[in-house]
Visitor: 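Here's a structure for you.
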Amino acid sequence: MKIEGIELIRVTMPLRNTFRTSFGTVHERDLLLVRVVTPAAEGWGECVAFGTPMYSSEYVAGAAEVLERFLGPRLLERGEVRAEEVAELLAPVRGHRMAKGALETAVLDAQLRARDESLGDYLGATRNRVPAGVSVGILDSVPELLDVVGGYLAEGYLRIKLKIAPGWDVEPVRAVRERFGDDILLQVDANAAYTLADARHLARLDDFGLLLVEQPLAEEQLRQHAELARLIRTPICLDESIVSAQGAADALALGACRIVNIKPGRVGGYLEARRVHDVCRAHGVAVWCGGMLETGIGRAANVALAGLPGFTVPGDTSGSARYYEHDLTEPFVLRDGHLDLPTGPGIGVTPDAAALAARTVASTWLTA
């Protein structure tokens with residue numbers, strides 16, 4: 001498949017509600033979309049890097065630059081390219097997994113559209129809908145938190161994830177359990193806000209029957225996570241630490257986690273995400289699909305991935321209305337706590353031209 005051109009589109013999307021975590025607060029989503037044009041079809045990918053390098057070392061402006069200067073030209077110079085070759089072709093450029101993942105996804109989308117095959121079918125999805133959870137950011141008060149959680153449960157979300165940080169952890173979790181009972185699926189996400197010295201404090205979360213505590217310690221601290229896993233009963237799930245299938249295998253071998261959050265952008269794309277899934281499934285470890293405040297473009301691909309058989313924990317595949325008043329695509333709508341897998345070719349959605357134009361702040365074309 002010959003790539004005739006690559007368009008890098010910078011988009012700003014206001015969030016319906018401020019989203020606060022241990023590493024910062026997001027009021028609007030600064031996004032980078034990638035469009036790949038071929039003679040047979042065009043494809044779309046979404047780079048999930050944030051506007052600042054706080055969640056990871058990648059950030060939107062840096063991703064745009066590395067795509068324009070290094071990654072895009074490598075593919076354009078190649079001529080004929082298959083999606084399965086993209087990772088190897090881009091490997092000489094170190095790191096930048098989110099940028100690489102967006103470009104690979106756009107190539108894969110075009111490839112699948114050209115042969116009228118859905119991403120879910122290509123990846124090996126075994127379901128036509130997936131259970132949806134929702135991530136609740138840090139709020140100003142416990143009463144506000146209870147109102148928000150109650151609203152999401154009323155909408156039908158099947159799992160609640162609470163963002164936590166030092167000073168906002170045990171008491172909010174206790175309040176949610178006391179208000180809504182032991183039957184709701186509840187987990188917490190620290191985004192690496194703690195240290196091993198906090199083990200005794202984190203062990204207080206054991207009383208609440210949580211599904212998991214996500215990424216309590218720093219990204220590179222696999223050994224410390226393994227030690228923490230011996231000190232608390234709540235299963236540890238890794239997020240930022242898992243950047244590849246090899247990284248997942250190492251974490252499991254060390255006993256650093258019992259559950260894995262798979263974010264395709266973080267591991268470099270959906271093909272590597274499938275390999276992470278396969279490694280975890282071979283070890284009997286549950287996985288779920290994390291979210292990065294994606295538009296419908298990224299959400300469509302995430303939902304397709306979450307249809308694979310190893311995704312046994314509801315993920316952050318929330319409906320579009322959770323984040324955006326008006327999405328760039330047809331909105332994903334929660335039905336009975338689930339989202340339907342797109343059935344069209346490729347990722348199954350395309351951006352609405354008017355919505356995209358209204359939110360675009362910059363665009364760059366790359367040609368051979």
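Residue numbers count from 1 along this sequence.
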Visitor: Any link between Leu210 and Leu146 through a network of hydrophobic side chains (Ile, Leu, Val, Met, Phe, Trp, Tyr) touching at under 4.5 Å?
Guide: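 Same cluster: Leu210 reaches Leu146 through Ile, Leu, Val, Met, Phe, Trp or Tyr contacts under 4.5 Å.
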
Visitor: Any sub-3.5 Å donor-acceptor pair from His277's side-chain atoms to Gly310's backbone N or O?
Guide: yes

Visitor: Might you confirm whether atom OH of Tyr152 has over 12 heavy atoms from other residues, nucleotides or ligands at distances under 6.0 Å?
Guide: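 For Tyr152, atom OH is crowded (more than 12 foreign heavy atoms under 6.0 Å).
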
Visitor: Give a yes or no on whether the backbone of Leu67 and the side-chain of Lys100 come within a donor-acceptor separation of less than 3.5 Å.
Guide: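 Judged by distance alone, no pair lies under 3.5 Å.
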
Visitor: Tell me whether Glu330 contacts the main-chain N or O of Val349 through its side chain, where contact means a donor paired with an acceptor under 3.5 Å.
Guide: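 Such a contact is absent between Glu330 side chain and Val349 backbone.
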
Visitor: Give a yes or no on whether the backbone of Ser118 and the side-chain of Asp121 come within a donor-acceptor separation of less than 3.5 Å.
Guide: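 Between the backbone of Ser118 and the side chain of Asp121 there is no qualifying donor-acceptor contact (under 3.5 Å).
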
Visitor: Which word best sums up how the rings of Tyr55 and Phe50 line up, parallel for under 30°, tilted for 30 to 60°, or perpendicular for over 60°?
Guide: perpendicular

Visitor: Any donor-acceptor pair under 3.5 Å linking the side chain of Arg29 with the backbone of Val11?
Guide: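 No.
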
Visitor: Can you tell whether the side chains of Lys2 and Glu80 come within less than 4.0 Å, N to carboxylate O?
Guide: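 Looking at Glu80 together with Lys2, the answer is no, because their closest N to O distance does not fall below 4.0 Å.
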
Visitor: Compare all side-chain heavy atoms of Pro73 with those of Glu68 and state whether any distance is below 4.5 angstrom.
Guide: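 Counting from C-beta outward, Pro73 and Glu68 never come under 4.5 Å.
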
Visitor: Would one find more than 12 heavy atoms of other residues, nucleotides or ligands at under 6.0 Å from atom NE2 of His326?
Guide: no

Visitor: Using a strict cut-off of less than 4.0 Å between a Lys/Arg side-chain nitrogen and an Asp/Glu carboxylate oxygen, indicate whether Asp278 and Arg274 qualify as a salt bridge.
Guide: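 So Asp278 does not pair with Arg274 through a salt bridge.
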
Visitor: Identify the heavy atoms of Ser320 and Asp327 that sit nearest to each other, and give their distance.
Guide: OG-OD2, 2.8 Å

Visitor: Starting from Phe208, can I reach Ile259 by hopping between I/L/V/M/F/W/Y residues whose side chains sit under 4.5 Å apart?
Guide: no

Visitor: Applying side chain to side chain donor-acceptor pair (under 3.5 Å) between Gln111 and each of Glu117, Arg82, Glu84, report the one that passes.
Guide: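 One option only clears the test, and that one is Glu84.
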
Visitor: Do side-chain atoms of Asp206 reach the backbone of Ile232 as a donor and acceptor pair under 3.5 angstrom?
Guide: no

Visitor: Would you say the side-chain atoms of His225 pair up with the backbone N or O of Gln221, donor to acceptor, closer than 3.5 Å?
Guide: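 Such a contact is found between His225 side chain and Gln221 backbone.
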
Visitor: Can you find a pair of side-chain heavy atoms, one from Ser135 and one from Asp316, that are under 4.5 Å apart?
Guide: yes

Visitor: Tell me yes or no: between the side chains of Asp169 and Tyr194, is some donor less than 3.5 Å from an acceptor?
Guide: yes

Visitor: Please determine whether the number of non-hydrogen atoms from other residues, nucleotides or ligands lying under 6.0 Å from atom CD of Glu144 exceeds 12.
Guide: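 More than 12 heavy atoms, drawn from other residues, nucleotides or ligands, come within 6.0 Å of this atom.
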
Visitor: Tell me, do Pro342 and Phe332 make a side-chain contact under 4.5 Å, heavy atoms counted?
Guide: yes

Visitor: Assess whether a salt bridge exists between Glu155 and Arg322, defined as any Lys/Arg side-chain N lying under 4.0 Å from an Asp/Glu carboxylate O.
Guide: no

Visitor: Are Thr38 and Glu4 linked by a side-chain donor-acceptor pair shorter than 3.5 Å?
Guide: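 Note: Thr38 and Glu4 side chains miss the donor-acceptor criterion.
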
Visitor: Do Leu211 and Val170 share a hydrophobic cluster, counting only Ile, Leu, Val, Met, Phe, Trp and Tyr and linking them when any side-chain heavy atoms are less than 4.5 Å apart?
Guide: no

Visitor: Please determine whether residues Tyr122 and Val303 belong to a single hydrophobic cluster, defined as Ile, Leu, Val, Met, Phe, Trp and Tyr linked transitively by side-chain heavy-atom distances below 4.5 Å.
Guide: yes

Visitor: Could you walk me through whether Ile3 and Val107 pass the side-chain contact (heavy atoms from CB on, under 4.5 Å) check?
Guide: CA-CA 8 Å; Ile3 299 178; Val107 175; 3.9 Å; yes

Visitor: Are the side chains of Glu7 and Val36 in contact, using a 4.5 Å heavy-atom criterion?
Guide: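 Of all side-chain heavy-atom pairs linking Glu7 with Val36, none is under 4.5 Å.
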
Visitor: Nearest 0.5 Å, please: how far is OG in Ser56 from CZ in Arg97?
Guide: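 Going from CZ on Arg97 over to OG on Ser56, the span is 10.0 Å.
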
Visitor: So that I can tick it off, tell me whether Glu214 and Lys161 are bridged by a salt bridge, with the cut-off set at under 4.0 angstrom between side-chain N and carboxylate O.
Guide: yes

Visitor: Would you check if the side chain of Glu272 reaches a backbone N or O of Val267 as a donor-acceptor pair within less than 3.5 Å?
Guide: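 Not confirmed, Glu272 side chain does not pair with Val267 backbone.
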
Visitor: Between Asp189 and Lys163 (salt bridge meaning N to carboxylate O under 4.0 Å), is one present in this structure?
Guide: yes

Visitor: Should His27 and Arg20 be marked as a side-chain contact (heavy atoms from CB on, under 4.5 Å) after you check the CA-CA gap, both sets of side-chain angles, and the distance that decides it?
Guide: CA-CA 9 Å; His27 303 279; Arg20 179 179 163 199; over 6 Å; no

Visitor: Taking the side chain as C-beta and beyond, is there a heavy-atom pair between Leu356 and Leu33 under 4.5 Å?
Guide: yes

Visitor: Is a salt bridge present between Arg35 and Glu42, judged by a nitrogen-to-oxygen distance below 4.0 Å?
Guide: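 Salt bridge: yes.
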
Visitor: Run the numbers on Thr105 and Trp44 for side-chain contact (heavy atoms from CB on, under 4.5 Å), then give the verdict.
Guide: CA-CA 7 Å; Thr105 302; Trp44 291 86; over 6 Å; no

Visitor: With a 4.5 Å heavy-atom cut-off, do Leu103 and Leu75 have their side chains touching?
Guide: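 Yes, close enough: below the 4.5 Å cut-off.
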
Visitor: Hey, does the side chain of Thr343 reach the backbone of Gly348 with a donor-acceptor pair shorter than 3.5 angstrom?
Guide: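 No; zero donor-acceptor contacts below 3.5 Å.
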
Visitor: Is it true that Asp239 and Arg266 have a side-chain N and a carboxylate O under 4.0 angstrom from each other?
Guide: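 So Asp239 pairs with Arg266 through a salt bridge.
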
Visitor: Is there side-chain contact between Arg223 and Leu254, with at least one heavy-atom pair below 4.5 Å?
Guide: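 No, their side chains stay 4.5 Å or more apart.
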
Visitor: Does any N or O in the side chain of Arg159 come within less than 3.5 Å of the main-chain N or O of Pro314, such that one atom is a donor and the other an acceptor?
Guide: yes

Visitor: Just wondering, do Ile236 and Leu212 contact through their side chains at under 4.5 Å, heavy atoms?
Guide: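 Contact flag for Leu212/Ile236 side chains = no.
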
